[in-house]
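Okay, here's the structure, questions in a sec.
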Amino acid sequence: SLDRTRSVYERALDVDHRNIGLWLKYTEMEMRNKQVNHARNLWDRAVTILPRANQFWYKYTYMEEMLNNIPGCRAVFERWMEWEPDEQAWLTYIKFELRYKELDRARQIYEKFVFVHPDVKNWIRFARFEESHGFINSARLIYERAVEFFGEEHMDE
């Protein structure tokens, strides 16, 4: 039964709560059984205990988006970004917002992204994003801010 399976997983987590594979198997079992709230609670516990395990966040946001819970998905992304994860995580969040034509939200994420990961290439990404959506003035301002931020000598890249 599901209850018995759960109790086995819970006992295993008591012994080894840092075991990423265990969390993944447990949560996938819940999803296979269409136990969305159980799965959600597990993801929530997993990212609370192991916030640096990006895999959990990717799967958590993916599940929420597949369930069409867009506000919930966004809230998970926001929690994740508080940990200032790697660049790929930020770009995934930006792509998520762009799938729903949320340009302003994507722009706000870019604003935070370039300060958490202040590489020239990320400022250029941000400027190209503005350009690609026809915001030429915004793109120019971002290039100017980048020059200010890095100083002329770093802008050869």
Side-chain angles (χ1 to χ4, degrees), residues 6 9-130 132-133 135 138-139 141-143 145-151 154 157:
R6 277 187 193 125
Y9 273 115
E10 288 296 339
R11 280 202 302 271
L13 284 175
D14 282 341
V15 173
D16 186 10
H17 67 278
R18 304 189 66 77
N19 183 329
I20 290 177
L22 201 54
W23 286 102
L24 294 174
K25 285 191 194 88
Y26 188 3
T27 313
E28 276 152 16
M29 181 276 295
E30 295 290 9
M31 291 191 306
R32 255 196 326 278
N33 287 290
K34 310 259 185 289
Q35 301 291 310
V36 170
N37 284 329
H38 281 280
R40 187 174 281 136
N41 288 336
L42 281 174
W43 287 134
D44 198 66
R45 282 168 60 198
V47 299
T48 302
I49 292 169
L50 298 168
R52 297 271 171 223
N54 284 340
Q55 228 178 332
F56 293 157
W57 295 103
Y58 281 114
K59 287 183 177 282
Y60 193 177
T61 54
Y62 180 77
M63 179 188 85
E64 294 297 5
E65 190 175 7
M66 288 304 100
L67 293 168
N68 222 8
N69 178 10
I70 304 314
C73 185
R74 182 174 291 126
V76 173
F77 269 118
E78 279 299 315
R79 271 176 70 192
W80 186 8
M81 296 308 116
E82 285 170 19
W83 290 95
E84 303 193 341
D86 62 15
E87 294 183 6
Q88 193 49 56
W90 291 85
L91 297 173
T92 301
Y93 186 15
I94 289 166
K95 276 190 206 123
F96 160 78
E97 292 297 5
L98 292 177
R99 278 198 291 283
Y100 300 94
K101 311 281 183 274
E102 294 281 1
L103 288 184
D104 284 338
R105 288 182 192 272
R107 180 177 294 122
Q108 285 161 4
I109 300 161
Y110 262 117
E111 284 287 352
K112 291 181 197 147
F113 172 55
V114 294
F115 284 102
V116 174
H117 295 286
D119 287 335
V120 172
K121 72 174 191 296
N122 292 331
W123 284 82
I124 291 171
R125 254 188 194 126
F126 186 10
R128 289 200 179 128
F129 155 80
E130 293 289 356
S132 70
H133 291 94
F135 301 107
S138 299
L141 286 173
I142 290 162
Y143 283 122
R145 281 170 56 200
V147 170
E148 252 171 70
F149 187 89
F150 291 103
H154 292 290
E157 291 180 39

Closest non-hydrogen atom pair, P85 against W90:
O-NE1, 3.1 Å
Under 3.5 Å: donor-acceptor pair, side chain of H117, backbone of E84
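Between the backbone of E84 and the side chain of H117 there is no qualifying donor-acceptor contact (under 3.5 Å).
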Just how far is it from atom OG1 of T27 to atom CZ of F56, taken to the nearest 0.5 Å?
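Going from the OG1 atom of T27 to the CZ atom of F56 covers 7.0 Å.
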R79: what forms a salt bridge (Lys or Arg N to Asp or Glu O under 4.0 Å) with it, not counting sequence neighbours?
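Counting only residues at least two positions away or on another chain, R79 forms a salt bridge (Lys or Arg N to Asp or Glu O under 4.0 Å) with D44.
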To the nearest 0.5 Å, what is the distance between CD1 on I20 and CD1 on I49?
11.5 Å
Could you give me the CA-CA distance, side-chain angles and deciding distance for R107 and F135, then say whether side-chain contact (heavy atoms from CB on, under 4.5 Å) is met?
CA-CA 11 Å; R107 180 177 294 122; F135 301 107; 3.4 Å; yes
Please name all residues satisfying side chain to side chain donor-acceptor pair (under 3.5 Å) with R18, sequence neighbours left out, ordered by chain then number.
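So R18 forms no side chain to side chain donor-acceptor pair (under 3.5 Å) with any residue.
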Atom of A89, atom of M81 and distance for their closest heavy-atom approach
O-CE, 3.8 Å
Point-to-point distance, once rounded to the nearest 0.5 Å, from CH2 of W23 to NZ of K59
15.0 Å
For E10, give me all partners under salt bridge (Lys or Arg N to Asp or Glu O under 4.0 Å), at least two apart in sequence or on another chain.
R45
Using ring-ring contact (aromatic ring centres under 6.0 Å, His included) as the criterion, list what pairs up with Y100, not counting sequence neighbours.
F96
Within-4.5 Å side-chain heavy-atom neighbours: I109 and E97
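Yes - at least one pair of side-chain heavy atoms lies under 4.5 Å apart.
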Partners meeting side chain to side chain donor-acceptor pair (under 3.5 Å) with D14 (sequence neighbours left out):
none
Output yes when E30 and R40 qualify as a salt bridge under the 4.0 Å nitrogen-oxygen rule, no when they do not.
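No, E30 and R40 are not salt-bridged.
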Could you grab the distance from atom OG1 of T61 to atom CG of N69, nearest 0.5 Å is fine?
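It comes to 11.5 Å.
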Which residues pass the salt bridge (Lys or Arg N to Asp or Glu O under 4.0 Å) test with K112, not counting sequence neighbours?
E78
Which residues share a ring-ring contact (aromatic ring centres under 6.0 Å, His included) with Y26, sequence neighbours left out:
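In terms of ring-ring contact (aromatic ring centres under 6.0 Å, His included), with neighbours along the sequence ignored, Y26 is linked to Y9.
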Quick one: are L98 and L103 in side-chain contact, heavy atoms under 4.5 Å?
yes
Could you pull out the closest heavy-atom pair between A127 and A139, with the gap in Å?
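Smallest interatomic distance, heavy atoms only, reads O-CB, 3.5 Å.
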For N33, enumerate each residue passing the side chain to side chain donor-acceptor pair (under 3.5 Å) test, keeping only those at least two apart in sequence or located in another chain.
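Side chain to side chain donor-acceptor pair (under 3.5 Å) check on N33 returns nothing, list empty.
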Between atom NE2 of H133 and atom OG of S138, what is the distance when rounded to the nearest 0.5 Å?
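That separation rounds to 12.0 Å.
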Working to the nearest 0.5 Å, report the span between CZ of F129 and CG of N122.
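It comes to 14.0 Å.
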Beyond-backbone contact of E87 with R125, side-chain heavy atoms, under 4.5 angstrom:
yes
Check against side-chain contact (heavy atoms from CB on, under 4.5 Å), M66 and M31
CA-CA 12 Å; M66 288 304 100; M31 291 191 306; over 6 Å; no
Quick one: list whatever passes ring-ring contact (aromatic ring centres under 6.0 Å, His included) with Y58, sequence neighbours left out.
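Here the qualifying residues are W80.
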Would you check if E65 and I70 make a side-chain contact, meaning some heavy-atom pair closer than 4.5 Å?
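Yes, at least one pair of side-chain atoms sits under 4.5 Å.
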Would a 4.5 Å heavy-atom cut-off, applied to side chains only, mark R74 and E64 as touching?
no
Can you list the steps and then say if F115 with W123 is a ring pair (Phe, Tyr, Trp, His ring centres under 6.0 Å)?
CA-CA 9 Å; F115 284 102; W123 284 82; 5.7 Å; yes
Among residues at least two apart in sequence or on other chains, which ones pass side chain to side chain donor-acceptor pair (under 3.5 Å) with R128?
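In terms of side chain to side chain donor-acceptor pair (under 3.5 Å), with neighbours along the sequence ignored, R128 is linked to no residue.
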Just by distance, do the side chain of W57 and the backbone of F77 share a donor-acceptor pair under 3.5 Å?
no
Can you name the closest pair of heavy atoms from D16 and L22 and give their distance?
O-CD2, 4.0 Å
Going by salt bridge (Lys or Arg N to Asp or Glu O under 4.0 Å), name the residues that satisfy it together with R105, two or more places apart in sequence or in a different chain.
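R105: salt bridge (Lys or Arg N to Asp or Glu O under 4.0 Å) contacts with E102.
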How would you list, by chain and number, every residue that makes a ring-ring contact (aromatic ring centres under 6.0 Å, His included) with H17, sequence neighbours excluded?
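Partners of H17 under the ring-ring contact (aromatic ring centres under 6.0 Å, His included) test: none.
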